[in-house]
There are 2 protein chains.
Amino acid sequence: MTDYIRVMIAEDHSMIRDGLKQLLELENDIKVIAACSDGKTAVEKYKEVKPDVLLMDINMPVLNGLEALEQIKAFDSGVKAVMLTIHQDREYLLKALELGALGYILKDAEASALIEAIRSVNKNQTYIQPTMARELVNEYKRIKSGADEPKNRLTERETEVLRLLAKGMLNKEIANALYISEKTVKNHISSIFRKLNVQDRTQAAVYAIKNKIVE
Amino acid sequence: MTDYIRVMIAEDHSMIRDGLKQLLELENDIKVIAACSDGKTAVEKYKEVKPDVLLMDINMPVLNGLEALEQIKAFDSGVKAVMLTIHQDREYLLKALELGALGYILKDAEASALIEAIRSVNKNQTYIQPTMARELVNEYKRIKSGADEPKNRLTERETEVLRLLAKGMLNKEIANALYISEKTVKNHISSIFRKLNVQDRTQAAVYAIKNKIVE
DNA sequence: TAAAAAATGAGGGTTAACCCTCATTAAATT
DNA sequence: AATTTAATGAGGGTTAACCCTCATTTTTTA
């Protein structure tokens with residue numbers, strides 16, 4: 001262990017990556033020892049340099065940050081990661097925490113918050129963006145309250161159908177693509193509408209695009 | 001005139017803003033003299049500090065970068081702006097150039113490209129992201145070739161209808177919202193489909209979300 | 001092992017969505 | 001002044017989309 005925090009950055013936008021590096025280097029207890037621009041490289045580089053803290057963007061090409069974290073976790077279960085994202089997205093946060101990320105911070109947070117997150121995580125303490133922490137509490141309450149509604153979670157098949165629907169495909173085309181009858185597609189779609197609480201396929205497509213799912 | 005380039009940064013994500021600042025400060029011919037986080041403030045601050053070069057993000061709250069540039073232009077027609085964006089979007093680029101931006105660069109560009117862009121723009125030379133320059137050439141050819149097809153440009157009203165459509169509204173709802181008959185809405189929508197070369201409203205909604213228009 | 005959930009499929013009904021053509025008025029262009 | 005485009009509206013026709021209920025088989029979960 002050294003006297004400074006060895007940080008590795010995984011971020012696809014090189015301008016932002018370089019900017020973060022400069023920003024962190026201003027702190028004399030932090031040193032950026034490696035950087036890369038996609039999830040796949042991040043996994044390899046992590047094994048190579050074993051940083052104290054991994055600062056990783058979620059949206060990255062090839063392998064996204066969450067997938068990369070999963071792979072790194074398999075190699076080093078003690079990985080201390082701060083996930084960085086522009087998305088104020090409950091799903092991402094929960095997924096990140098499930099995967100064992102200690103920190104979660106939005107790109108529009110103050111630089112000081114990022115520094116604090118890195119220091120906290122290095123000490124194996126969690127740091128969640130305050131504005132996101134509320135989401136966590138909500139989720140916790142949702143699970144604890146008997147009023148648990150797993151109704152709203154789409155099944156695998158439904159998600160698949162939604163993905164195709166959001167590409168603008170007709171029910172008939174979806175049926176052909178999945179080798180099932182159009183009737184089944186219609187049934188799936190009705191379930192999707194009910195679960196997403198939307199009235200038609202356009203709203204469902206909008207939902208699919210805005211929240212993860214497609215692309 | 002001083003011996004260094006006085007740069008003002010307008011960027012809403014403070015982390016990125018601070019990062020850019022640090023990045024630019026590494027160059028001894030560049031000095032960041034001001035920074036702000038939304039378009040409205042950018043206009044005010046510009047008038048106050050009159051930077052040599054304005055580095056401005058397009059996606060910003062309150063007033064976006066393009067709208068802000070338009071207002072600044074009215075105050076100082078000689079404004080030298082480098083527009084920064086994550087969108088590889090032809091529309092944005094063209095709009096920015098129409099408004100007189102000299103530079104246009106993507107956030108995933110190398111830091112060195114940003115530095116070069118700032119130096120070029122300061123000398124009143126244009127700097128367009130190489131990968132985007134191709135778009136420009138295409139647009140130029142499109143205009144020059146008699147095969148000009150303004151067919152594909154949506155009218156104001158059509159854009160309005162598309163916006164509502166992409167919110168998942170029914171034709172009837174759109175008609176009520178715009179105080180026109182449902183028949184007219186249907187006609188507009190048919191035109192939209194033809195122009196966007198899509199077959200149904202879901203595809204149109206997907207298009208609207210992926211390309212500018214909504215949100 | 002019994003019960004629940006997921007995936008498949010169908011019958012039968014209603015209507016919103018989409019197609020075509022045509023027409024009128026106002027505004028922008030040439 | 002003449003033409004084109006934009007915006008509005010309608011008639012009339014076809015069908016994809018959506019609703020409800022019900023049923024079978026397989027997988028998962030309790």
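Only heavy atoms go into these numbers, but all of them, side chains included; no hydrogens, no water, no symmetry mates.
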Taking only the side-chain heavy atoms of [X] (C-beta and beyond), determine which of [options] contains the nearest atom.
X	options	result
Arg201(B)	dA7(C), dA17(C), dA7(D)	dA17(C)
Glu156(B)	dA17(C), dA7(D), dT8(C)	dA7(D)
Thr184(A)	dA17(C), dA7(C), dG9(C)	dG9(C)

Take the protein atom [atom1] of [X] and the nucleotide atom [atom2] of [N], then report the distance between them rounded to whole Å.
X	N	atom1	atom2	value
Ile174(A)	dA17(D)	CD1	C1'	11 Å
Asn171(B)	dG9(D)	CG	C1'	14 Å
Ile192(B)	dC18(C)	CD1	P	11 Å
His188(B)	dA17(C)	NE2	P	16 Å
Lys172(B)	dA16(C)	NZ	P	5 Å

Every protein N/O lying under 3.5 Å from an N/O of nucleotides 19-24 of chain C:
residue, atom, partner, partner atom, Å
dC19(C), OP2, Ser190(B), OG, 3.4

Any carboxylate oxygen within less than 4.0 angstrom of a Lys/Arg side-chain nitrogen, looking at [X] and [Y]?
X	Y	result
Lys107(A)	Glu11(A)	yes
Arg201(A)	Asp200(B)	no
Arg157(A)	Glu160(A)	yes

May I ask you to test the Glu173(A)-Leu164(A) pair for a side-chain heavy-atom distance under 4.5 Å? no
Is the backbone N or O of [Y] less than 3.5 Å from a side-chain atom of [X], with the two atoms forming a donor-acceptor pair by type?
X	Y	answer
Ser190(A)	Lys186(A)	yes
Thr155(B)	Glu158(B)	yes
Lys80(B)	Asn122(B)	yes
Arg6(B)	Val49(B)	yes

Can you sort out which residues in residues 175-182 of chain B have a heavy atom within less than 4.0 Å of DNA chain C? Ascending by number, please. none
Any donor-acceptor N or O pair under 3.5 Å, side chains Thr41(A), Asp38(A): yes
My understanding is that only one of Leu162(B), Val185(B), Thr184(B) makes a side chain to side chain contact (heavy atoms under 4.5 Å, CB included) with Ile174(B); could you say which?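 Result: among Leu162(B), Val185(B), Thr184(B), Val185(B) is the only option passing the side chain to side chain contact (heavy atoms under 4.5 Å, CB included) with Ile174(B).
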Suppose we screen for side-chain contact (heavy atoms from CB on, under 4.5 Å). Which residues come up paired with Asp76(B), at least two apart in sequence or across chains? Tyr46(B), Lys50(B), Val79(B)
Sugar-phosphate or base contact per nucleotide [nucleotides 25-30 of chain C; S, B, -; heavy atom under 4.0 Å]: ------
For nucleotides 25-30 of chain D, 5' to 3', base contacts (B), sugar-phosphate-only contacts (S) and non-contacts (-) with protein non-hydrogen atoms under 4.0 Å give ------
As a check of understanding: the bend across the helix from dT1(C)-dA30(D) to dA28(C)-dT3(D), end axes from five pairs, rounded to 10 degrees, works out to 60°
